[in-house]
Amino acid sequence: MDTVKFVLSEEQMPTSWYNIAADLPAPPPPPLHPGTGQPIGPDDLAPLFPMELIKQEVSTERAIEIPEEVQQVYRQWRPTPLYRARRLEQALGTPAKIYYKYEGVSPAGSHKPNTAIPQAYYNKQAGVKRLATETGAGQWGSSLALAGAMFGLEVVVYMVKVSYGQKPYRRALMETFGAKVIASPSDTTNAGRQILAEHPDSTGSLGIAISEAVEVAAMDANTNYALGSVLNHVLLHQTVIGQEALTQLEMAGDYPDIIVGCTGGGSNFSGIAFPFIGAKLRGERDVRVVAVEPAACPSLTRGTYAYDFGDTGHLTPLVKMHTLGSTFIPPGIHAGGLRYHGMAPLVSHLLDIGQIEANAVQQLDAFAAGVQFARAEGILPAPEANHAVAGAIAEALACKEAGESKTILFNLCGHGHFDMSAYMDYMAGKLQNYDYPAEEIAMALAGLPSVG
Ligand SMILES: *Cc1c(COP(=O)(O)O)cnc(C)c1O
């Protein structure tokens with residue numbers, strides 16, 4: 001029998017997160033205080049995050065227990081299915097085996113609730129009343145709004161203005177879960193007012209929206225900040241994906257030769273890949289790991305590995321990462337979740353030490369891959385996930401060319417049911433590719449902070 005779906009029982013769900021810091025040959029460079037240039041300590045982060053999350057941010061323990069209350073909410077949609085893409089394999093005529101982990105079954109339609117739920121839980125435990133955050137395409141805002149509803153926290157979401165206009169259904173979902181949604185840049189913060197004074201028609205960016213949310217949290221003792229990607233604790237929470245995939249591939253009697261994930265800030269990629277990279281770092285099993293990013297926002301393939309701010313208003317610590325410059329505003333591609341100027345420090349570090357590879361994909365190629373996938377497998381991927389699909393198809397075709405039957409695993413990090421206008425534009429021939437915005441990136445990089 002040709003099994004296509006590998007399902008775990010609730011009892012097989014992981015009970016701890018996997019922390020890759022335990023297996024790294026050397027720790028990544030530490031975050032620095034922008035004023036002093038010295039490594040930051042827990043006290044510097046305390047105005048924004050609860051202590052349990054700060055501890056996770058700096059932990060080097062390999063396994064960190066998932067609280068029972070968090071596991072309970074996870075069980076509403078976890079463990080998620082792993083599929084063998086037999087019909088896609090046939091369509092491609094490849095001897096490769098293609099597996100994908102499907103995170104679109106969560107209530108928000110992506111992997112993001114995997115971290116939204118524990119973040120809300122730890123904040124609630126710490127007595128926090130309200131969470132402030134940003135959202136690009138609306139996936140993260142929806143996930144935190146959901147988590148706020150589950151644990152009784154108010155949520156305010158600064159939504160990048162262009163998405164606020166383009167994605168009314170994402171906004172409605174957040175508001176249905178009880179969150180307040182504000183178009184960013186807004187006149188509710190200093191950071192927003194400053195941008196509006198200089199650029200009254202600004203359509204916003206993730207970097208600007210982060211500045212607004214951080215400012216709101218820093219000014220109010222009852223409000224904390226929550227970030228949906230980039231930070232170590234966020235990547236940690238996502239490792240339930242890869243741990244489940246490991247067990248499911250065992251059921252299938254397989255192990256990946258190649259893992260592919262798309263990268264915006266790096267969290268879903270890390271979620272699927274870190275447990276396997278850990279096994280590689282411990283010398284147990286080898287694996288090739290490929291990050292796929294949009295050519296219009298190519299932080300890993302064209303950015304500089306340097307200390308930079310996480311936001312446009314320069315309120316965050318300096319982190320060493322592959323960056324396009326904190327003032328770079330990427331072209332308006334439809335994969336809104338991949339339009340961030342930087343990359344998670346852990347992912348940047350892994351690229352720097354040669355443990356992962358990175359490729360960039362053009363928008364039209366990503367959508368072509370997504371449509372081919374939908375027609376073969378019957379699942380419509382999010383525009384972000386299309387980059388992973390394109391990466392997996394490229395690997396499968398390389399196997400065909402070489403006559404090699406490798407095993408490919410990729411993360412289908414979300415569905416695209418809220419992104420149908422992007423698919424409509426694609427099918428109407430209205431989408432375009434963007435050249436590497438070399439001049440704008442050079443300008444933004446000229447503004448990198450100097451670090452002694
Ligand atoms: C947010 C998002 C991304 C990008 O964020 P990562 O932290 O890189 O995972 C990718 N895909 C989907 C579906 C998203 O919602």
Side-chain angles (χ1 to χ4, degrees), residues 80 100-116 119 133-146 157 159-160 163 167 170 173-174 206 209-210 226-242 259-274 289-294 297-300 310 321-322 330 333-348 350-351 356 358 360-361 366 370 373 379-391 410-419 422:
T80 62
Y100 59 96
K101 182 76 167 154
Y102 186 40
E103 289 294 306
V105 294
S106 85
S110 76
H111 63 290
K112 292 216 171 68
N114 295 335
T115 184
Q119 289 194 48
T133 197
E134 71 291 326
T135 198
Q139 287 271 16
W140 170 242
S142 308
S143 303
L144 198 68
L146 162 80
V157 182
M159 185 171 190
V160 176
S163 304
K167 307 195 105 189
R170 273 283 167 202
L173 181 62
M174 290 184 255
L206 269 178
I210 293 174
L227 187 61
S229 186
V230 177
L231 297 175
N232 299 348
H233 68 262
V234 177
L235 276 45
L236 172 82
H237 299 155
Q238 294 296 351
T239 59
V240 288
I241 303 171
I259 299 176
V260 179
C262 69
T263 45
S267 74
N268 87 82
F269 168 79
S270 303
I272 192 140
F274 278 9
V289 182
V290 184
V292 185
E293 63 184 8
C297 190
S299 53
L300 284 173
M321 59 181 176
H322 286 83
I333 54 166
H334 278 278
L338 307 184
R339 291 176 71 237
Y340 181 61
H341 69 270
M343 185 50 61
L346 277 173
V347 174
S348 293
L350 287 166
L351 182 67
I356 64 170
V361 170
F373 180 85
I379 297 176
L380 184 112
E384 292 85 359
N386 283 344
H387 292 71
V389 176
F410 78 92
N411 196 25
L412 190 65
C413 48
H415 68 63
H417 298 173
F418 286 89
D419 305 284

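Order of appearance sets the numbers: ligands from 1, and atoms from 1 within every ligand.
The G266 neighbourhood of ligand 1 comprises atoms 6 (P), 7 (O), 8 (O), with distances under 4.0 Å to a heavy atom of that residue. Close contacts of ligand 1 with T263, meaning ligand atoms under 4.0 Å from a residue heavy atom, involve 8 (O). Which parts of ligand 1 touch G264 is read off a 4.0 Å heavy-atom cut-off, strictly below it: atoms 8 (O).
If you check which protein heavy atom lies closest to atom 13 (C) of ligand 1, you get C413 SG, 3.7 Å. Protein heavy atom nearest atom 4 (C) of ligand 1, with residue, atom name and distance: G337 O, 3.2 Å. Taking atom 7 (O) of ligand 1 as the reference point, the nearest protein heavy-atom neighbour is S229 OG, 2.5 Å.
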- [ ] Starting from the C-alpha separation in whole Å, work towards a yes-or-no answer on side chain to side chain contact (heavy atoms under 4.5 Å, CB included) for H237 and H111.
- [x] CA-CA 10 Å; H237 299 155; H111 63 290; over 6 Å; no
TODO: Would you check, one step at a time, whether the test side-chain hydrogen bond (donor to acceptor under 3.5 Å, both in side chains) holds for N114 with E103?
DONE: CA-CA 9 Å; N114 295 335; E103 289 294 306; 3.1 Å; yes
TODO: Would you please test S299 and H322 for side-chain hydrogen bond (donor to acceptor under 3.5 Å, both in side chains) and show each step?
DONE: CA-CA 6 Å; S299 53; H322 286 83; over 6 Å; no
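Without hydrogens or angle criteria, T239 side chain to L236 main chain gives a donor-acceptor distance under 3.5 Å. Here the side chain of E384 pairs a donor or acceptor atom with the backbone of G337 at under 3.5 angstrom.
Residue-to-ligand polar distances place G265 within reach of ligand 1: an N/O pair is separated by less than 3.5 Å.
Between atom 14 (C) of ligand 1 and the options E384, K112, R339, the minimum heavy-atom separation is to K112.
Residue-level proximity to ligand 1 for H111 is carried by the side chain, the only part with a heavy atom below 4.0 angstrom.
Within the 4.5 Å cutoff, side-chain heavy atoms of I210 are placed close to those of Y340. At a threshold of 4.5 Å between non-hydrogen side-chain atoms, the residues Q238 and S270 do not count as touching.
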